[in-house]
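What's counted below: heavy atoms across the whole structure, side chains too, no hydrogens, waters or symmetry copies. We count residues from 1, following the sequence as given.
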Amino acid sequence: MLVADIPNAETGFRLLFSATPFPGYQAEMLLLREEYGGNWYRWESKNMEGWLCPALFKYFTTAPPKLYCKAEKIP
């Protein structure tokens, strides 16, 4: 859903994410629970859930209570 308006997204796109809101973010994800070293997040407005693998901890020391995301076309 984040890449729906990006032509040829299957060949690549840029994903921006932050623990705080930023200009133009598309989605606010809410932390639900930890499981198998990763974390489940919920996109309330789309009624969707997804699991993020432990690679999240390359960017954060702990799983943020919220993640803000935006997908962009690669220039």
Side-chain angles (χ1 to χ4, degrees):
M1 294 192 141
L2 285 174
V3 299
D5 296 328
I6 299 175
N8 302 313
E10 65 277 358
T11 63
F13 61 92
R14 177 182 300 144
L15 180 65
L16 306 172
F17 57 94
S18 174
T20 58
F22 59 89
Y25 76 87
Q26 294 170 282
E28 177 186 80
M29 311 293 188
L30 305 174
L31 177 63
L32 295 177
R33 65 188 175 280
E34 184 274 336
E35 185 175 41
Y36 296 112
N39 290 278
W40 284 92
Y41 279 84
R42 180 166 181 78
W43 189 0
E44 287 287 333
S45 67
K46 300 293 184 187
N47 196 30
M48 298 175 74
E49 291 182 7
W51 182 79
L52 296 178
C53 75
L56 179 72
F57 301 115
K58 291 184 179 232
Y59 305 96
F60 302 100
T61 53
T62 61
K66 292 183 180 179
L67 281 176
Y68 297 86
C69 309
K70 178 181 181 180
E72 295 180 337
K73 179 181 175 183
I74 296 174

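- Here Thr11 pairs with nothing under the side chain to side chain donor-acceptor pair (under 3.5 Å) rule; sequence neighbours left out.
- A search for side chain to side chain donor-acceptor pair (under 3.5 Å) contacts involving Glu49 returns Arg42, not counting sequence neighbours.
- Heavy-atom minimum distance, Gly12 versus Ile74: C-CD1, 3.7 Å.
- Shown here for Phe57 and Thr62, the closest heavy-atom pair between the two residues is CE2-C, 3.8 Å.
- Among residues two or more places apart in sequence or in another chain, the salt bridge (charged side-chain N to carboxylate O under 4.0 Å, His left out) test is passed with Glu72 by Arg14, Lys70.
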**Study point:** Working for side-chain contact (heavy atoms from CB on, under 4.5 Å), residues Tyr41 and Leu67
**Key:** CA-CA 8 Å; Tyr41 279 84; Leu67 281 176; 3.8 Å; yes
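- A centroid separation of 6.0 Å or more is found between the aromatic rings of Phe17 and Tyr25.
- Atoms SG and NZ, from Cys53 and Lys58 in turn, are 9.0 Å apart once rounded to the nearest 0.5 Å.
- Side-chain N or O atoms of Glu34 include one that pairs as donor or acceptor with a backbone N or O of Gly37 at under 3.5 Å.
- Ala71 and Val3 get closest at one heavy-atom pair: CB-CG1, 3.8 Å.
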Exercise for review: Please test Trp51 against Glu35 for side-chain hydrogen bond (donor to acceptor under 3.5 Å, both in side chains), starting from the C-alpha separation and ending with a verdict.
Suggested key: CA-CA 8 Å; Trp51 182 79; Glu35 185 175 41; 5.1 Å; no
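- Heavy-atom neighbours of Phe60 CZ from other residues, nucleotides or ligands within 6.0 Å: above the threshold of 12.
- Put simply, the side chain of Arg33 does not reach to within 4.5 Å of the side chain of Asn39, judged on heavy atoms.
- Under a hydrophobic-cluster definition in which Ile, Leu, Val, Met, Phe, Trp and Tyr are linked whenever side-chain heavy atoms come within less than 4.5 Å, directly or via other members, Leu31 and Tyr36 are assigned to different clusters.
- In terms of heavy atoms, Leu56 sits closest to Pro64 at CD2-CD, 4.3 Å.
- Residues Met48 and Phe13 are members of one and the same hydrophobic cluster, defined by side-chain heavy-atom contacts under 4.5 angstrom among Ile, Leu, Val, Met, Phe, Trp and Tyr.
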Exercise for review: Would you sort out whether Leu2 and Trp43 count as a side-chain contact (heavy atoms from CB on, under 4.5 Å), showing the intermediate values?
Suggested key: CA-CA 11 Å; Leu2 285 174; Trp43 189 0; 3.8 Å; yes
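- Remark: Met29 CE to Cys69 SG distance equals 4.5 Å, nearest 0.5 Å.
- Note that OH of Tyr68 is 4.0 Å distant from CD of Glu28, once rounded to the nearest 0.5 Å.
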